[in-house]
Amino acid sequence: MATTTPERTTGTPRPIGHQTSPIGVAGAIARWVALTIGTLLFLVPFYLVVRNALSSEADITAPEWTLFPSRLHWENVGELFSDQEVPMARALWNSAVVGVLGTTGQLLLASMAGYGLARIPHRHANKVFYLIVATLMIPSAVTFIPSFVLVSSLGWVSSLRGLIIPGLFSGFAAFLFRQYFLNFPRELEEAARVDGLGYWRTFWLIVVPNSLPFFAALAAITFIGNWNSFLWPLVIGQDSSSWTVQVALSTFITAQTINIHELFMAAAVSILPLVLIFVFLQRYLVRGVTETGIKG
Amino acid sequence: MSTVAESSAAESRASAAGRPARKGIRGTNLAFWIFVGPFTLGLLIFAYVPIVWSLFLSFFDARNTVTPTDFVGLQNYVDMLTDPDFLSSMVTFTVFAIFIVPLTFALSLALALLVNQVRVARAFFRSVFFLPTACSYVVASLIWKLSIFNGVRFGLANTVLGWFGIENIAWLSTVDPPWYWIPLVTVRLWLQLGFYMILFIAGLQRIPTELYEAAYVDGAKPGWQIFRFITFPQLRATSVAVLILNLIAAYQAFDEFYNLVGNVNYARPPLVYLYGVSLGSIQDLGRGSAGALILAVIIMIVTLVQSRIFGFGKAE
């Protein structure tokens, strides 16, 4: 039985996972059981958001657990947005502005810097590159105190400027763009150069249009990061007019002034844009995760 | 007009011709700064200035001010390193890391293997496990705190335990036994397993099929043997990346601790403590800065040591 010679195995080598032996069948069943249990566990929190958002307060706090609310309370949506105590519409708007401007600005600045470093020869290119790489060593979260010091002396506390601008200069994004543009096919750019295009027009007319999947991947992951970020908006949003969705939700988790169903409706509204991105841009998101994760 | 700067070789060639050359070099110089300048300027202002300023503050008594005058030398560092609350926040982090790092590693790898082996509905399962990435720590904490682990009868966890006749447990406020770790660890697992699973799936798909075919031909048994001798060694680079990313992320845990248990002394990781010191009722930016720099140095050392141990960046 200890043979390892190819002759003893019958037929051509087959890919793993094709077995039809009893052990293979048992393995397949175990896999499906594990996947089903995992799926249920992973979906329960989402189900809870929807269930609680559309329940009456009595349904949620009833001593007996109910799988579904007695009826779907769609009026909870209107209740949330008409509640004067809870600035949810304003918070959603702030988050949208921060997400869109923050993502656009960060990609614009980082892609230009990355392209310049990858393609334009310059005697200071290495120095600038080291300046960027050095910031990658610094753990991002511990910089919130120094950044707060700067932003407060600029008078940007509780403002959208304070929320957006300090986050625009991502050394990591510039680094990723530089690596990406180093591998961009030179032939395309050379053809553009022959046609008389300078760096500026080569970049915008040739390089960017041919790199849209990469931009989309970083945009998806950056937008989600911006939308979900909490520590910096918490530090900056000292006035409720500058709260993002996350800060507003966090404030009301501990406040007694809001009903549970209203809070869950707010949570449901806050994850809706991301679920849409997720459904329609998942391909780019997966690419974004592998690009940023592995190289990070 | 097409000489607007290409390579340095082209420039030196053109320099013999006089005028076009100067235009070329100036053009390159200008182009470089148009592309790189705005980003570099911003990086200097918003990354380097704060760090230098923070270093400066850490040597001063900087309570409620960002322009202190009272130089205290290393006193802020001494204060932080002898502060029992700061040290206990390090202990909290360590306990958290002991739970979260191995669990995340094993479970995300297991999910990746499961999803990768299944033939039907693979995209569906991948999406399900990846979906929590779309959720913020705040929303997840809200679900965990108010609907699953709220400690009263209508909480999901207590409802399930009730089926087995177990009394209600006050999950987030019970210190002995430390039940609060269950919500704290599970919320992070739910949020980040999908992210690391994607990294492992990408790693699995880079393993050449010939290796499996060769192993099969050599009589290796599918299952543990294949995993032990082919799959796992081939995932080395991914595994190291997952471990390092995961540990750095755990060091910087803030959102779920802040929202689930708040600023309490029994479960307060370093960032929550530093937030309280520097932005609480007394804004002690001197000690806060000192603590942040100590933490940054520790994270950098741990990352470097870990990279050295695992030989990150070496040829595979």
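Proteins get letters first, then strands, A, B, ... in listed order; numbering begins at 1 in each. When reading the values below, keep in mind they use all heavy atoms of this one structure, side chains included, and skip hydrogens, waters and symmetry mates.
In plain terms, the two heavy atoms of A:Pro45 and B:Ile143 that are nearest each other are O-CD1, 3.8 Å. Contact record, B:Val36 with A:Gly116: CG2-CA, 3.8 Å, taken as the closest heavy-atom pair. Taking each heavy atom of B:Leu43 and A:Gly171 in turn, the nearest pair found is CD1-N, 4.3 Å. For the residue pair A:Asn228 and B:Ala134, the shortest heavy atom distance occurs at ND2-O, 3.6 Å.
Using a 4.5 Å cut-off between heavy atoms, B:Ala296 touches chain A through backbone and side chain atoms alike. Using a 4.5 Å cut-off between heavy atoms, A:Ser170 touches chain B through its backbone atoms (N, CA, C, O) alone. B:Phe125 touches chain A through its side chain: at least one heavy atom from C-beta onward sits under 4.5 Å away, while N, CA, C and O do not. Residue A:Leu249 touches chain B through both its backbone and its side chain, counting heavy-atom pairs closer than 4.5 Å. Proximity to chain A (any heavy atom under 4.5 Å) is restricted, for B:Leu111, to the side chain, taken from C-beta onward. Of the atoms belonging to A:Leu131, heavy atoms from both backbone and side chain fall under 4.5 Å from chain B. Using a 4.5 Å cut-off between heavy atoms, B:Tyr251 does not touch chain A at all.
A distance-only check finds no donor-acceptor pair linking the side chain of B:Tyr275 to the backbone of A:Phe144 [under 3.5 Å].
Below 30°, between 30° and 60°, or above 60°: for A:Phe230 and B:Phe254 the angle between ring planes is between 30° and 60°, a tilted geometry. Ring planes of B:Phe46 and A:Trp156: parallel class, angle under 30° (limits at 30 and 60°). Ring geometry for A:Phe46 versus B:Trp190: interplanar angle of 30 to 60°, hence tilted.
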**Q.** B:Leu156 and A:Val44: CA distance, side-chain angles, deciding distance, side chain to side chain contact (heavy atoms under 4.5 Å, CB included) verdict
**A.** CA-CA 10 Å; B:Leu156 184 58; A:Val44 159; 3.7 Å; yes
**Q.** Test log, rule side chain to side chain contact (heavy atoms under 4.5 Å, CB included), inputs B:Gln283 and A:Phe148
**A.** CA-CA 11 Å; B:Gln283 297 198 346; A:Phe148 173 75; 4.0 Å; yes
**Q.** CA sep, side-chain torsions, deciding dist, call: A:Leu150, B:Trp53, side chain to side chain contact (heavy atoms under 4.5 Å, CB included)
**A.** CA-CA 8 Å; A:Leu150 176 69; B:Trp53 198 335; 3.9 Å; yes
